[in-house]
Amino acid sequence: MCGIVGFVGQEQAAPILLDGLEKLEYRGYDSAGIAVLSESKGLQVKKAKGRLQVLRGLTGDGRDVEGTLGIGHTRWATHGEPSDLNSHPHLSSGHRIAVVHNGIIENYVEIREFLQSQGIPFQSETDTEVVAQLLEYYYDRCGDIMASVYRVLARIEGAYALGILCRDLPDAFIAARKDAPLLLGYGQGCSFIASDVTAIIKHTREVAYMEDGEVALVKAGGIQVFNAMGQPVEKEHHTVDWDVSAAEKGGFPHFMLKEIMEQPEAVRKTVSPRLKDGRVHFEELKLTAEDIRSFSRFFIVACGSSYHVGMVGKYNLERLLRRPVDVMLASEFRYADPLVDEHTLVIFISQSGETLDTMAALRRAKALGARTLAIVNVVGSSIAREADQVLYTWAGPEIAVATTKAYSTQLVLLDMLGLFFAQALGSVEEEEYARIVSELQALPAKMETVLADTERIKYLASRYFNHSSIFFIGRNLDYALGLEGSLKLKEISYIHSEAYAAGELKHGTISLIEKGTLVVALCCYAPLFEKSVSNIVEVKARGADILAVTTESLAAELGKTAENVLPVPDTHLLLQPSLGVLPLQIFAYYVALQRGCDIDKPRNLAKSVTVE
Ligand code: M6R
């Protein structure tokens, strides 16, 4: 939620900041702003409600704002509605300090009351403004901006990534972080901060990740970092292994479509390096066979689509490991009293690696003594760094709010983890193991065949795009798949949609089925195919239209019952969701397109959910 970027160098800052904000818009897009410092113009703040385009118009694409030092922000509103006044940067009342912030200051009411009692007027309803005002309050008294920053950080509670400009600091800005992502970028004669590397990848691939409690003094010639006690810290530099083209649309009308089409390659990159001589290897895992055997129970904890991956994982891991696997929403796990101990492995799944609920659940699991492993896409993200072990999905940057390639890579990685553990536990037959490995290798090519021809799905989307309610049904792995299909559809098309275990429908929800209701029936799970067909017959008897997804080998049989059948290639049963999800993503995409929705940036959503 919210994206921040900062630049100091020789070039004009504002166009660079706007460029960076464009890449961060997926994190929040209800308003945007920049603050730039220049010798002749002083501290200039330009901000506006609405998309970045509005700010671009206001600043002549940044050209009208003089100065080579600045910070920028794109907002996903938490405290205070989207408005010009609530947009960041926030200025102190003496106009000497400007602040951009990602996160939430939990004790802002108390601080605001204190400052107001000191006669300091407030402009906005945000929690962030207290940072700017409190900073100036301390600065007025001690005259040392770094000391004032430390005093503010000691007083505020909550999560923050902060970018701070001070009018009296003409060649630097300050950054601070706690529980919200922030990285430092090292360019040629210039330096950056950003919530995400996509914002600065055009300028540098050399980055360092700020840790909680750290404060950075960012100058064109270099960046000094200090720990929470104010002592200098040497940061490890990392080189990002992808370039600017990975974070651009590359000729596609939307990032979502581009990312859907990138899935075979993304899955290949996740799988191939970890398969050697027909066996799964995780060189990055520091777990012995003995460790694995010591796990009597597994949890999978995540949010949204990552949770849906966990739902598939529960079925697959229990089948492979013959040990209990619980899957839990992170927002529930963090406040529950889960039965975990040192013999439990809790697997956290997160594309962004910054989802606050997942992060909190991870900390809770660790506090309870569990062993933890994270499956994450964003390298160096908070969850990746805090978990005992991390497996990266290597899907590359995912920009569209609706996840596609991250989902697919998480899915195969979890399947591979299942195989890896099963081998250590001796719980899988050698022949079965070999078949799954061989199908994993074949998966990208099979995905390509589904993605090669999307015309029929496009046609079905044009037929059903104006429905007001769409149901997804399936059993076992198909139920888990339906959850993802339904979420994909509703988040980008705004059509009401629900996913049900097919056998559960008749316990209530079937009363919503009427003539013409579209039911997307998932029938890829062969062992329960007949049962699913019976459920299709039940909803058809109530007038439903059926759009069915199944395997090529079952398509002809299903065609006898369902009017619209979308076949996907056959693969090993455990991997079938990796193919079944593709028509659902494409259907959601074209439905949303027909409805004229803002596909990459659906209303009310943000890519990385760093609030509770
Ligand atoms: O970054 P994470 O995987 O932790 O994000 C979890 C959810 O917020 C995310 O999957 C969300 O549900 C997506 N918008 C779904 O497309």
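In this text the structure is predicted, and so the values were computed from the model without any measurement.
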- Message: The criterion is side-chain hydrogen bond (donor to acceptor under 3.5 Å, both in side chains); which residues satisfy it with E491, sequence neighbours excluded?
- Response: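 K488.
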- Message: Using the side-chain hydrogen bond (donor to acceptor under 3.5 Å, both in side chains) criterion, which residues pair with Y500? Sequence neighbours excluded.
- Response: E498, T509
Under a 3.5 Å threshold, yes or no: a donor from one side chain and an acceptor from the other, between [X] and [Y]?
{"X": "N227", "Y": "E214", "value": "no"}
{"X": "Y433", "Y": "Q423", "value": "yes"}
{"X": "S305", "Y": "E484", "value": "yes"}
{"X": "E439", "Y": "T571", "value": "yes"}
{"X": "S382", "Y": "E354", "value": "yes"}
{"X": "T409", "Y": "T270", "value": "no"}
{"X": "Q263", "Y": "Q585", "value": "yes"}

Backbone N/O of [Y] and side chain of [X]: donor-acceptor pair under 3.5 Å:
{"X": "H343", "Y": "S294", "answer": "yes"}
{"X": "N377", "Y": "A406", "answer": "no"}
{"X": "D30", "Y": "A77", "answer": "yes"}
{"X": "D478", "Y": "C524", "answer": "yes"}
{"X": "H572", "Y": "L574", "answer": "yes"}
{"X": "H73", "Y": "H101", "answer": "yes"}
{"X": "K249", "Y": "K258", "answer": "no"}
{"X": "Q389", "Y": "L285", "answer": "no"}
{"X": "D127", "Y": "I105", "answer": "yes"}
{"X": "Y407", "Y": "Q351", "answer": "no"}

Counting only heavy atoms from other residues, nucleotides and ligands, does the tally under 6.0 Å from [atom1] of [X] exceed 12?
{"X": "E284", "atom1": "CD", "value": "yes"}
{"X": "Q231", "atom1": "CD", "value": "yes"}
{"X": "K202", "atom1": "NZ", "value": "no"}

- Using the six-membered ring wherever Trp is involved, compare the ring planes of Y209 and H238 and label them parallel, tilted or perpendicular (cut-offs 30° and 60°). tilted
- Task: With side-chain contact (heavy atoms from CB on, under 4.5 Å) as the test, would you mind laying out the steps for M447 and V267 before giving the verdict?
- Result: CA-CA 9 Å; M447 294 173 93; V267 165; 3.8 Å; yes
Within-4.5 Å side-chain heavy-atom neighbours: [X] and [Y]:
{"X": "M146", "Y": "I174", "value": "yes"}
{"X": "V390", "Y": "Y392", "value": "yes"}
{"X": "Y150", "Y": "F226", "value": "yes"}
{"X": "L24", "Y": "I4", "value": "no"}
{"X": "F421", "Y": "L320", "value": "no"}
{"X": "V346", "Y": "L373", "value": "no"}
{"X": "V5", "Y": "I71", "value": "no"}
{"X": "P338", "Y": "L368", "value": "yes"}

Does a side-chain N-to-carboxylate-O contact under 4.0 Å join [X] and [Y]?
{"X": "E211", "Y": "R177", "value": "no"}
{"X": "E432", "Y": "R435", "value": "yes"}
{"X": "R363", "Y": "D212", "value": "yes"}
{"X": "E206", "Y": "K235", "value": "no"}
{"X": "E262", "Y": "K405", "value": "yes"}

- Query: Could you state the interatomic distance from NZ (K601) to CD (E25), rounded to the nearest 0.5 Å?
  - Reply: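 Output value for this atom pair is 4.0 Å.
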- Message: Rounded at 0.5 Å granularity, tell me how far CG in L134 sits from OH in Y108.
- Response: 15.5 Å
Can you name the nearest heavy-atom pair linking [X] to [Y], along with the distance?
{"X": "T372", "Y": "F348", "answer": "CG2-CE1, 3.8 Å"}
{"X": "V280", "Y": "M416", "answer": "CG1-O, 3.7 Å"}
{"X": "L483", "Y": "H308", "answer": "O-CE1, 3.3 Å"}
{"X": "L451", "Y": "I260", "answer": "CD1-O, 3.4 Å"}
{"X": "K607", "Y": "I399", "answer": "CD-O, 4.0 Å"}
{"X": "N102", "Y": "A180", "answer": "O-CB, 3.6 Å"}

- Go through the steps for T355 and D357 under the test side chain to side chain donor-acceptor pair (under 3.5 Å), then give the verdict. CA-CA 6 Å; T355 302; D357 281 324; over 6 Å; no
- Message: Please determine whether side-chain contact (heavy atoms from CB on, under 4.5 Å) holds for the pair L440 and L419, giving the CA-CA distance in whole Å, both sets of side-chain angles, and the decisive distance to 0.1 Å.
- Response: CA-CA 11 Å; L440 270 169; L419 274 182; 4.0 Å; yes
- I would like to know whether L414 and V312 meet side-chain contact (heavy atoms from CB on, under 4.5 Å); could you show each step before the answer? CA-CA 9 Å; L414 194 56; V312 174; over 6 Å; no
- Query: Would E430 and R279 satisfy salt bridge (Lys or Arg N to Asp or Glu O under 4.0 Å), going step by step from the backbone distance to the final call?
  - Reply: CA-CA 11 Å; E430 192 53 39; R279 308 226 76 88; 3.1 Å; yes
- Between F299 and V327, does a side-chain contact (heavy atoms from CB on, under 4.5 Å) hold up when you go through it step by step? CA-CA 6 Å; F299 269 88; V327 55; over 6 Å; no
- Within 45° of the ring axis of W394 and under 6.0 Å from its six-membered ring centre, is that where the NZ or CZ of R268 lies?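 No - R268 does not lie over the ring of W394 by the 6.0 Å and 45° rule.
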- Task: Step through it carefully: locate the ring centre of Y186, locate the ring centre of F192, and say whether they are under 6.0 Å apart.
- Result: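 No, the ring centres sit 6.0 Å or more apart.
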- Message: Quick one, R371 with E342, criterion salt bridge (Lys or Arg N to Asp or Glu O under 4.0 Å). Give me CA distance, side-chain angles, the key distance, then yes/no.
- Response: CA-CA 6 Å; R371 312 280 297 273; E342 72 274 21; over 6 Å; no
- Message: I need the full list of side chain to side chain donor-acceptor pair (under 3.5 Å) pairs touching residues 320-332, with sequence neighbours left out, sorted by first then second residue.
- Response: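 Every pair satisfying side chain to side chain donor-acceptor pair (under 3.5 Å) with a residue in residues 320-332: R297-D326.
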- Query: Going through the checks in order, is the salt bridge (Lys or Arg N to Asp or Glu O under 4.0 Å) test met by K366 and D341?
  - Reply: CA-CA 9 Å; K366 287 180 90 170; D341 58 20; over 6 Å; no
